[in-house]
Amino acid sequence: MSAPNTTHTTEATHATHRVWRLGADIDTDLLAPGHAMKHGIDIIARHCLEAVRPDFAAGVQRGDVIVAGPNFGIGSSREQAAAVLVHLGVSAVIAPSYSGLYFRNAFNVGLLLLTCAQAETLAEGDRIALDATLPGVIGPDGRPLACEPVPGFLMDMVRAGGLLNQLRQRTGRPASKKAIDA
């Protein structure tokens with residue numbers, strides 16, 4: 001990622017996101033625990049990350065981001081593991097690597113994933129900015145973190161609020177209220 005120009009730096013100062021820091025190998029059972037899977041997303045969300053961050057589900061606020069170690073989303077292919085973060089209002093997950101299944105599920109439900117080798121330099125509670133034009137991350141010190149590019153078609157899905165909303169828009173049907181601006 002190249003250094004931000006004045007426009008990107010200005011954008012970064014307007015909207016910041018609080019960091020929730022997690023370790024490596026966060027699996028889908030931590031995000032959407034098996035014992036809660038018989039319920040709807042509202043109930044599953046109450047149990048999100050309870051085994052490693054009991055304060056997460058009650059404390060996360062719309063616009064917060066998760067910064068994790070490598071292998072985020074390993075485990076089963078359950079779509080609820082990505083959908084629960086969208087339901088809780090998480091703007092993005094930033095990690096050095098993801099499970100392939102989780103990566104696609106996340107974009108399908110409108111969750112932005114940024115692959116950043118430097119993700120682990122961010123600390124709990126840091127205030128960072130997301131630059132949706134690159135997309136990228138502006139650290140708390142105003143410097144950009146190098147992230148892998150996100151293909152345009154995946155960013156389009158995030159902006160639409162997920163694949164189903166994107167298809168609804170293409171067919172002229174109204175999108176669900178979960179559509180977000182990225």
Salt bridge (charged side-chain N to carboxylate O under 4.0 Å, His left out) with R21: which residues, sequence neighbours excluded? E120
d(R46 CZ, H87 NE2) to nearest 0.5 Å is 8.5 Å
Write down the atom of A45, the atom of L88, and the distance for their closest heavy-atom approach. CB-CD2, 3.8 Å
Show me the pairs that pass side-chain hydrogen bond (donor to acceptor under 3.5 Å, both in side chains) and involve residues 106-119, at least two apart or across chains. R104-N108
The test is side-chain contact (heavy atoms from CB on, under 4.5 Å); show your working for L122 and V65 and say whether it passes. CA-CA 11 Å; L122 297 171; V65 298; over 6 Å; no
Backbone N or O of A24 within a donor-acceptor pair of the N71 side chain at under 3.5 Å? no
L154 with L167, same ILVMFWY side-chain cluster at under 4.5 Å: yes
Does V84 belong to the same Ile/Leu/Val/Met/Phe/Trp/Tyr cluster as I43, with side-chain heavy atoms less than 4.5 Å apart forming each link? no
With sequence neighbours excluded, give me every disulfide (SG to SG under 2.5 Å) pair touching residues 55-112. none
Worked verdict on V93 versus L112 for side-chain contact (heavy atoms from CB on, under 4.5 Å): CA-CA 6 Å; V93 177; L112 177 61; over 6 Å; no
About how many Å separate CD of Q80 and CD1 of I41, when rounded to the nearest 0.5 Å? 6.0 Å
I26 vs L49 side-chain heavy atoms within contact, under 4.5 Å: yes
With H17, which residues qualify under side-chain hydrogen bond (donor to acceptor under 3.5 Å, both in side chains), at least two apart? none
Quick check: do R159 and Q169 have side-chain heavy atoms less than 4.5 Å from each other? no
Check: Y98 and N105 side chains under 4.5 Å, non-hydrogen atoms: no
On a heavy-atom basis, the closest approach of S99 and G73 is CB-O, 3.2 Å
Please give me the minimum heavy-atom distance between I94 and A119, naming the atom from each residue. CG2-CB, 3.8 Å
S91 and G63 have their tightest heavy-atom pair at OG-CA, 3.1 Å
Please list, chain by chain and in numerical order, all residues satisfying side-chain contact (heavy atoms from CB on, under 4.5 Å) with A68, sequence neighbours excluded. L22, I66, F72, A95
Spatial distance of atom CD1 (I128) from atom CG (L145) [nearest 0.5 Å]: 7.5 Å
Sequence-distant partners of S76, side-chain hydrogen bond (donor to acceptor under 3.5 Å, both in side chains), two or more places apart: T28, R78
Locate the shortest heavy-atom distance separating R62 from V86; write the atom from each residue and the value. NH1-O, 4.3 Å
Sequence neighbours excluded, the answer for side-chain hydrogen bond (donor to acceptor under 3.5 Å, both in side chains) partners of D126 is none
Ignoring hydrogens, what is the shortest heavy-atom contact between K38 and H35? Give both atom names and the distance. CE-O, 4.2 Å
side-chain contact (heavy atoms from CB on, under 4.5 Å) for V137 and V67? Distances and angles first, verdict last. CA-CA 11 Å; V137 176; V67 174; over 6 Å; no
With sequence neighbours excluded, residues passing side-chain contact (heavy atoms from CB on, under 4.5 Å) with Q166: D156, M157, A160, L163, R170
Do L101 and L85 share a hydrophobic cluster (ILVMFWY, side-chain heavy atoms under 4.5 Å, transitive)? no
Who passes side-chain hydrogen bond (donor to acceptor under 3.5 Å, both in side chains) against D64, sequence neighbours left out? R18, W20
Tell me, which pairs form a disulfide (SG to SG under 2.5 Å) where one or both residues lie in residues 89-120, sequence neighbours left out? C116-C147
Summary of disulfide (SG to SG under 2.5 Å) pairs that have at least one residue in residues 45-90, sequence neighbours excluded: none
Mind checking side-chain contact (heavy atoms from CB on, under 4.5 Å) for A106 and listing every partner two or more places apart, or none if nothing turns up? A82, Y102, L111, L113
